[in-house]
Amino acid sequence: MSRLGWLNPLQSGAERITVPIRLSVYRFGQGLNNGLATVSDLWGVQSLRRENEKLKAEILASKGVALRSYSLEEENKALRQQLEAPLPPQMQFLPAKTLGIIRYLTLDKGSSDGITTGQTVVSQNVLVGKISAARSGTSEIILPTDSDSKIPVRTLRTNGRGLLTGEAGVGAFLDKVLQAEKLEINDLLVTTGEAGYARDLMVGKISKVIKNDVEPFQKARVELLLDYGKLENVFIIK
Amino acid sequence: MKIAILFFLIILFSLFQSTFLSLNLLLLLIISLAVYLPVKSGLIVVFGMGFLADLISGGSLGLTSLCFLSIVMLINLYRSRFHPDQLRFLLPFTFLSIILSHLVGGQVIEWGRILINTSMIVIFLPFLRPAREWPL
């Protein structure tokens with residue numbers, strides 16, 4: 001019945017009530033996670049994570065983008081920065097708030113806002129994912145870390161092409177790269193514009209090259225540029 | 001009063017599970033209730049709980065109900081052979097139910113988290129033992 005759409009009015013009505021509540025609960029959950037991270041910072045356990053975040057910010061800053069985490073009060077700043085991001089001027093964006101992350105990242109915009117499956121979602125000029133399901137008032141994004149996610153990418157330095165494949169929700173690796181391509185650690189990866197993703201969106205950087213001469217392709221471990229659990233505001237490319 | 005608390009717990013767990021909590025507390029609640037409630041009323045209650053959980057979380061309506069109903073029917077099937085509130089039956093059953101819910105929901109299977117989730121059934125059981133006398 002759900003698939004036939006008979007229950008859509010009930011579902012839309014429930015979404016109107018539950019979306020603001022889920023937003024508050026998710027922000028509470030994010031605050032809890034940040035608080036726990038701060039506590040472990042005090043014990044010096046997460047100093048490597050802070051250094052990692054700093055390095056990520058330096059990389060993005062060098063490409064004209066600063067990686068920030070936004071508070072609710074900085075939503076306007078997020079909008080301004082999205083407009084200033086080095087993306088084609090003809091692109092139109094719809095802002096959305098994150099409602100939760102279990103397997104997929106849920107947003108507070110859906111088909112009633114013009115969202116359709118397959119649309120690309122970004123944070124400045126960094127890829128967040130693609131809309132995999134759109135209900136009336138909410139939608140879900142398949143993240144690059146999802147096992148079903150396969151994103152055609154290229155290295156910014158040498159234009160070497162490969163397929164960014166998700167790894168059980170915890171990471172991603174670059175696959176199907178020809179042996180002749182020269183991959184190096186810290187090579188930035190951007191989308192090629194294929195498979196429905198917008199072009200030239202940053203995704204991650206290579207952290208380890210896995211090369212075996214007997215295989216036709218080489219692989220690489222990829223460090224993604226975003227912590228999807230910390231995102232509060234994202235933008236859907238219309 | 002007890003029904004109100006149950007209702008409140010369903011809403012709370014559904015909200016947490018659909019936003020940031022990856023532990024399946026609703027499933028533990030269902031299993032604990034199924035152990036103590038009569039067969040017929042247990043199935044109706046569990047179906048309603050699943051439907052409410054889907055409404056709150058925004059998932060496909062009916063999917064959670066179907067999953068919960070299957071689990072409760074299995075408990076009822078083995079009621080004649082095992083005492084369902086005994087841990088030697090309940091722990092492995094909860095473990096398998098959690099894995100099944102992860103597979104149905106497409107979630108990543110993290111064994112450590114699943115073991116923690118399974119062991120939490122021990123906390124739920126004593127609180128729901130009075131469900132035997134509930135007017136359902």
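Proteins get letters first, then strands, A, B, ... in listed order; numbering begins at 1 in each. Because the structure is predicted, anything quoted here is derived from the model rather than measured.
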Does A:Lys176, at its NZ atom, have more than 12 non-hydrogen atoms belonging to other residues, nucleotides or ligands within less than 6.0 Å? no

Scanning both residues in full, the closest heavy-atom pair of B:Thr19 with A:Leu99 reads CG2-O, 3.1 Å

Please determine whether the number of non-hydrogen atoms from other residues, nucleotides or ligands lying under 6.0 Å from atom CE of B:Met120 exceeds 12. yes

Does the side chain of A:Phe28 reach to within under 4.5 Å of the side chain of B:Leu15, using non-hydrogen atoms? no

Which atoms form the tightest heavy-atom contact between A:Arg22 and B:Ser18, and what is the distance? NE-OG, 3.8 Å

Heavy-atom distance under 4.5 Å to chain A: side chain of B:Ser14, backbone, both or neither? neither

Which heavy atom of A:Val25 sits nearest a heavy atom of B:Phe16, and at what distance? CG1-CD2, 3.6 Å

Are A:Leu10 and B:Leu55 close enough that some pair of their side-chain heavy atoms sits under 4.5 Å apart? yes

Less than 4.5 Å to any heavy atom of chain A: does that hold for the side chain of B:Ile11, its backbone, both, or neither? neither

Report, as yes or no, whether the 6.0 Å neighbourhood of atom NZ on A:Lys109 holds more than 12 heavy atoms from other residues, nucleotides or ligands. yes

